[in-house]
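Some notes on the structure that comes next.
Reckoned from all heavy atoms, side chains included, excluding hydrogens, waters and symmetry mates. Remember, it's 1-based here, ligands and their atoms both numbered in the order they're listed.
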Amino acid sequence: MSSLTKKEMEVLSSPSFEEIINQQLQNPARRGLLKGGAGVATLGFMGLSNLVMDDALANQGFATRRVGFESTALSTADAVTVAEGYQFEVLYKLGDPIAKGIANYANDGTDGLSDPFEFEFRAGDHHDGMYFFGLGANGKWDEKASDRGLLCINHEAITPLFLHPNGPSASPRNPVEVIKEMHLHGVSVIEVSRNKDGRYSVVQDSKFNRRITTLTPMEIKGPVRGSDFAKTRFSPDGTLTRGTINNCASGYTPWGTYLTCEENWNGYFRNQNSGYAGIPANDAASHRRYGISDNASGRELWATANEAGYTNEIFSRWNVKPASAEATRAAGASDYRNAPFTFGYNVEIDPFNPDSTPRKRTAMGRFAHEGAWVGPVKQGEPVVFYMGCDSRFEYIYKFVSDAKWDKRDINGGLAVGDKYLDKGTLYVAKFNEDFSGEWLRLADVAQGTEITPRRPGSLALAGAKSYMVEGQLDQYVNTRILADFIGGTPMDRPEWGAVNPKNGDVYMTLTNNTSRTDINTLNAANPRAYRDNEASASSSYGNVNGHIIRWKEAAKNPAATQFIWDIYLFGAETDDLNKPSVNVSGLTPDNFLSSPDGLWFSEKTGILYVQTDDGAFTDTTNCMLLAVVPGEVGDGKLVNITNTSRDGLNTKTVTTRVGNPGVVRRLLVGPKDSEITGITESWDGKALFVNIQHPGEETPNLQSLTSSWPYPLGNNQFGNPGGGTTPSAASRPRSATIVITKKNGGIIGL
Ligand code: FEO
Ligand code: CA
Ligand code: CA
């Protein structure tokens, strides 16, 4: 033991999970749960694993607990700033052409006015989750290729003000504008290549370049395929649907395909249908739970471009009002009442086969999918994906494939996806107060169970119709409702997940939750509610700055049904410096952060990157990207967090376990009103791809741009101060992918 470092000694002497689990083992009700997997493995698993892992770490060549740069300062400038020794270039901006013969983007709203379908060959808006697939000489996935790659990029949403000459039309929407907008959502697949100077560029005429939009036909795969839920006028037999939308984060599969995840899809549907008339009671309860409200106008008002009927279905398909009086799902084969049941899934795309039809993987459940992150993959074991539902008080899920991994399936495309993603077990996470956790199987909710679903974004019951479980399909279509019933833990908005390549620990951001206004709802996994300080946010109370939770599966088996957990890091702002119940992780000006969202482990260095999407700390700084090298679950300490109620009259102290944050440093701060999201790297670790989403989003009108990034504010995009063809003096801002490199060409983060 004499060779132990001080930190290792601390780990061993701190109240350990081993003790907690052992206490639980004395409890007869729990003995059955914990014996075997976690119980047998307790010592190595809970206590000594840090020592073992540091050896493993050295063998794999990972940097240990080190980030090789100094933090860049907080900033409110309309610019991307990076740490000293780093540089960036803008790679792929809103509207950029991805086919031969498509003109450069004018960026003044005139693009596509004569032919809006040309946007099938332009970059979408609001770049989000992405993944770099190395492109081998044979045109297949080569994980180790860095000089050529296919970059898959989600385009989550749009800022309509910047897309049309004078902003968007009112209702009824102009059809040309709507067609542009529908194309600006979805996914880009683009080939990028690196020249000898280490600079990446988009290969504009690559045969792999492809846009997938809200208009792209998709197969419905898995258990929902062919069911009445999936029947629409577009596909009366329920096997197809059209497009994907609000693609937030993403994932990749070990066989080399991309998963794009449908998040706030519900908002786009128009439901001018007082009282949810004409649909089954279960479907009314479902729509209420999923946020398709009664009398919803529909985000972007697309259905209004053709409100009257089905003369142009690309618009009217967003209108869920039944066209017939027959209140059945099957009758939906002649209208779009069931369209909401064809969204809310993970969609698998084969970037290496541009002619392939994307497949909606319904076995992975239907909710506000943030992303899908594969667990450690082992030959002969199931393939596991971790997933979060990004809404207040929503859940964390896990999908475990029935099929066992066979590495010969690499590069097998969507047919292999059918094998692993169409059959499996869906679980929801329950975080216990003793830092143990359970994966609860949704299939265990019996047919005939009556459930009163919650209101979306709240812990309150919907109050009206209950939901009657019909059978095994319900878990895939009405996943949230079954999770309500079975006892998942409602979380403070699950955003991205990431799996530590060195030890399998799973991290997930809980970005914030200002609806957690009742201190009696606090628990060890969601332990903070407090008031934001500055005047501009005086109404802001709850978990304002968010946190990052993490867990370790029993016996390090990704398919296990038990786990242990702690909270890796709590967000906090500069003025929380000396407030221990807010700044629980002891952050400093070098690493204050708020609303962690994007999360991603570098396979090359083991560094965990954290990105923010924030509205609480933005009076002090724009959103940012940080780098950390975390330890593992259980390396920290127990803390008591004293929360004061919203009215200031009561307190509630919650005990939780917080990790040792290690070194946390800020690599980048973004431009005004932007979110930093989406992150991936070249295999050699020398290029980090990052998205700058919606710069200037708070712009009130085209004469008062809050940002013109990536152009200097006050200049137009051609570098002419105050000039150009745009209605304002400056260029309109554009979401974009940037590439960060080290000035000396080295590996990022070391
Ligand atoms: Fe689209 Fe959950 O952020
Ligand atoms: Ca996000
Ligand atoms: Ca604040």
Checklist entry - What's the atom name of the N, O or S in E156 nearest to atom 1 (Fe) of ligand 1? => result OE2
Checklist outcome for this item: Among the N/O/S atoms of E370, the Ca ion (ligand 2) lies closest to OE2
Next on the checklist: With a cut-off of 2.8 Å, does D390 put an N/O/S atom close enough to atom 2 (Fe) of ligand 1?
Outcome noted: yes
Checklist entry - Just checking, any donor-acceptor pair under 3.5 angstrom between side chains of R392 and T514? => result yes
Checklist entry - Do you know which N/O/S atom name in E495 is closest to atom 2 (Fe) of ligand 1? => result OE1
Checklist entry - So does E675 have any N/O/S atom less than 3.0 Å away from the Ca ion (ligand 2)? => result no
Item to check | Contact summary for V584 and R528, nearest pair of heavy atoms | outcome: CG2-CD, 4.1 Å
Checklist entry - In E370, which N, O or S atom comes closest to atom 2 (Fe) of ligand 1? => result OE1
Next on the checklist: Is a donor from one side chain sitting under 3.5 angstrom from an acceptor on the other, for T521 and D518?
Outcome noted: no
Checklist entry - Under 3.5 Å, is there a donor-acceptor pair linking the side chains of N545 and E573? => result yes
Checklist entry - Under 4.5 Å between any side-chain heavy atoms of D566 and V658, yes or no? => result no
Item to check | Atom of E495 closest to the Ca ion (ligand 2), considering N, O or S atoms | outcome: OE1
Checklist entry - If you draw the axis of the six-membered ring of F343, does the NZ or CZ of K360 fall within 45° of it and under 6.0 Å from the ring centre? => result yes
Checklist outcome for this item: Among N, O or S atoms, E263 approaches atom 2 (Fe) of ligand 1 most closely through OE2
